[in-house]
Asks: 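First, the structure itself, so that you have it in front of you.
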Amino acid sequence: MVNPAGRHFLQIPGPSNVPDRVLRAMDMPTIDHRGPGFADLTRELIAGMQRVFKTSADVVIFPASGTGAWEAALVNTLSPGDRVLMFETGQFATLWRGIATDLGLEVDFVPGDWRHGVDPQALEARLRADSEQQIKAVMVVHNETSTGVTSRIADIRRAIDASGHVALLMVDTISSLGSIDYRHDEWQVDVTVGGSQKGLMLPPGLSFNAISAKALAASATSTLPCAYWNWQSMIKSNQTGYFPYTPATNLLYALRESLQMLLDEQGLDAVFARHQRHAEATRRAVRAWGLEILCQNPAEYSASLTAILLPDGQDADRLRQIILERYDMSLGTGLGKVQGKVFRIGHLGDFNDLTLIGTLGGVEMGLANAGIPFSRGGVDAALDYLAGNP
Ligand SMILES: Cc1ncc(COP(=O)(O)O)c(C=O)c1O
């Protein structure tokens, strides 16, 4: 039985904790989404999201979870039988591949070990080998939420350019947007997919596409069936300040508040630095415990979550269950191929030093309770790092 006193610690890598300010912003009467006041809200939100995506291109907001925005990216730009190139970085790349396959696309899925991001050299070689330019899109998950590995999009862009290939670049930023530096325009990404429930600190239910001019041009000729997700009708309505269907009104209030928190108070760079600092403190704790970080390339460590491997024979879900029951803290489960082998600590969104120390304290106590061989001192290592690097 979970102790009901105090706040639940929701330290999964999203949905993340929703700040009280954002909760209060949602707690408002619903307004007429076709009334006169609504257009200003729409315009303000699109401008704010352009700043978060670092783009001046079109951004659309769907009343949908991230999976909807994944689908939207594909059905707006591609045609049945088109070839796309993906890399098996983890569970979310695997799921996005599934959607592409279900839609009738031919997916070249480069196998991976779930401990590394997309290899830019391997990408370049694949594209060079496609001399007839049959690959229509490269689809990458920026931050693999299942593994805590962040692929290097700037290097991926360079690899595509070096190959001379014209494929579209589509990037899923669902667990990086608002937590890890991301530049839609500078990296010439064609479609960026985002979601509300992680770095943006909102409940689940909104998702986004940022759309380059090249992707918009592709949408004029693509023939995959596309109705609800249609960019053209969304962009046309948005230009008047409205939506082609009922938007998630109260979530939009929440988005206005979280954008204000991210952009106006601290600025995005400060938000990214905070995430990096907490990720580093977490990794120091993991090393002090004598446990292994799933991500094997330090250049690809995720700033929004850390996935931790347990020694062979230890059950990560049992550890999570003990921590939930004794300390009322939810940690991320191992997904897909790493189920039972890893647990994930989310350190993203509305999160500060003391949240991290509470989280690591719960893990350290749980490791002892579960009888898992480890060294004490993880929390101390994190404390030293945080205190020494304010
Ligand atoms: C990287 C990534 N992509 C896609 C998704 C799917 O989004 P949703 O569950 O909101 O549909 C998730 C969800 O956690 C994710 O982390």
Side-chain angles (χ1 to χ4, degrees), residues 10-18 52-53 60-75 84 86-103 107 109 112 114 116-118 138-153 156 170-180 182 189 191-210 228-229 248 251 254-255 258 275 279 294-295 300-307 330-339 342-349:
L10 180 69
Q11 297 320 140
I12 59 176
S16 64
N17 292 289
V18 180
V52 173
F53 282 115
V60 295
I61 306 174
F62 294 113
S65 84
T67 301
W70 262 352
E71 179 162 337
L74 304 180
V75 294
V84 296
M86 294 192 71
F87 290 77
E88 186 199 359
T89 48
Q91 178 71 357
F92 290 99
T94 305
L95 290 175
W96 202 9
R97 173 186 69 162
I99 289 181
T101 307
D102 288 351
L103 289 170
V107 185
F109 199 52
W114 291 46
H116 294 86
V118 173
V138 175
M139 294 154 58
V140 176
V141 176
H142 182 209
N143 187 64
E144 246 303 347
T145 325
S146 60
T147 62
V149 177
T150 307
S151 285
R152 292 158 288 153
I153 306 299
I156 287 170
M170 303 194 192
V171 180
D172 167 345
T173 62
I174 287 177
S175 61
S176 55
L177 194 72
S179 304
I180 299 171
Y182 185 78
V189 180
V191 189
T192 302
V193 175
S196 56
Q197 72 270 31
K198 308 207 189 227
L200 295 181
M201 307 175 288
L202 305 179
L206 293 181
S207 55
F208 312 89
N209 281 169
Y228 184 80
W229 307 113
L251 283 175
L255 178 59
S258 78
H275 281 77
L294 186 63
C295 176
E300 296 177 326
Y301 281 147
S302 168
S304 57
L305 78 132
T306 302
S330 296
L331 296 167
T333 185
L335 293 169
K337 286 186 178 172
V338 291
Q339 192 191 354
V342 310
F343 66 98
R344 296 170 299 148
I345 299 178
H347 32 74
L348 73 167

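Only heavy atoms go into these numbers, but all of them, side chains included; no hydrogens, no water, no symmetry mates. Both ligands and their constituent atoms are indexed starting at 1 by order of listing.
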Asks: Verify side chain to side chain contact (heavy atoms under 4.5 Å, CB included) between Thr173 and Phe208, making sure each step is shown before the conclusion.
Replies: CA-CA 10 Å; Thr173 62; Phe208 312 89; over 6 Å; no

Asks: Students should be able to answer this: which protein heavy-atom is nearest to atom 14 (O) of ligand 1, and at what distance?
Replies: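 The protein heavy atom lying closest is Lys198 NZ, 2.7 Å.
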
Asks: Quick one: does any side-chain atom of Arg344 pair with a main-chain N or O of Leu305 as donor and acceptor, under 3.5 Å?
Replies: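 No: the side chain of Arg344 does not pair with the backbone of Leu305.
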
Asks: State whether a side-chain donor-acceptor pair under 3.5 Å links Ser304 with Ser179.
Replies: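 Absent: no donor and acceptor within the cut-off.
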
Asks: Heavy atom under 4.0 Å from ligand 1: found in Glu144's side chain, backbone, both, or neither?
Replies: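 Neither; nothing of Glu144 gets under 4.0 Å from ligand 1.
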
Asks: So, does Ser258 use its side chain to make a donor-acceptor pair with the main chain of Met201 at under 3.5 Å?
Replies: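 No; zero donor-acceptor contacts below 3.5 Å.
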
Asks: Judged on heavy-atom distance to atom 16 (O) of ligand 1, which of Ile99, Thr67, Leu206, Thr145 sits nearest?
Replies: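 Checking each option, the heavy atom nearest atom 16 (O) of ligand 1 is found in Thr145.
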
Asks: Does only the side chain of Asn143 get under 4.0 Å from ligand 1, or the backbone, or both, or neither? Count heavy atoms.
Replies: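 Under 4.0 Å from ligand 1, Asn143 contributes backbone atoms alone.
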
Asks: With only distance considered, is Gly66 within less than 3.5 Å of ligand 1 through an N or O on each side?
Replies: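 So ligand 1 has an N or O lying under 3.5 Å from an N or O of Gly66.
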
Asks: Closer than 4.0 Å to some heavy atom of Ile174 - which atoms of ligand 1 meet that?
Replies: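 Reading through ligand 1 atom by atom, the close ones are 2 (C), 3 (N), 4 (C), 5 (C), 12 (C), 15 (C).
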
Asks: Could you tell me whether the side chain of Asn209 and the main chain of Ala69 form a donor-acceptor pair under 3.5 Å?
Replies: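 A pair under 3.5 Å: yes.
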
Asks: Side-chain contact, heavy-atom cut-off 4.5 Å: Val193 with Ser207?
Replies: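 Val193 vs Ser207: side chains apart.
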
Asks: Out of curiosity, is Gln197 lining ligand 1, as in a heavy atom under 4.0 Å away?
Replies: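 Within the 4.0 Å threshold, so yes.
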
Asks: Where is the nearest protein heavy atom to atom 13 (C) of ligand 1: which residue, which atom, and how far?
Replies: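 For atom 13 (C) of ligand 1, the nearest protein heavy atom comes out as Phe92 CE2, 3.4 Å.
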
Asks: So which of Thr89, Val141, Asn143, Val171 actually passes side chain to side chain contact (heavy atoms under 4.5 Å, CB included) with Ser151?
Replies: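 Exactly one candidate clears the test, Thr89.
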
Asks: Using a strict 4.0 Å cut-off to heavy atoms of Ser65, name the atoms of ligand 1 that fall inside it.
Replies: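 Taking each heavy atom of Ser65 in turn, ligand 1 has 8 (P), 10 (O), 11 (O) under 4.0 Å.
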
Asks: Among protein heavy atoms, which lies nearest atom 4 (C) of ligand 1, and at what distance?
Replies: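 The protein heavy atom lying closest is Trp70 CZ2, 3.1 Å.
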
Asks: Is it true that a side-chain atom of His275 and a backbone atom of Gly349 form a donor plus acceptor pair closer than 3.5 Å?
Replies: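 Judged by distance alone, yes, a pair lies under 3.5 Å.
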
Asks: Can you report which non-hydrogen protein atom sits closest to atom 3 (N) of ligand 1, along with the distance?
Replies: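 Closest protein heavy atom to atom 3 (N) of ligand 1: Asp172 OD2, 2.6 Å.
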
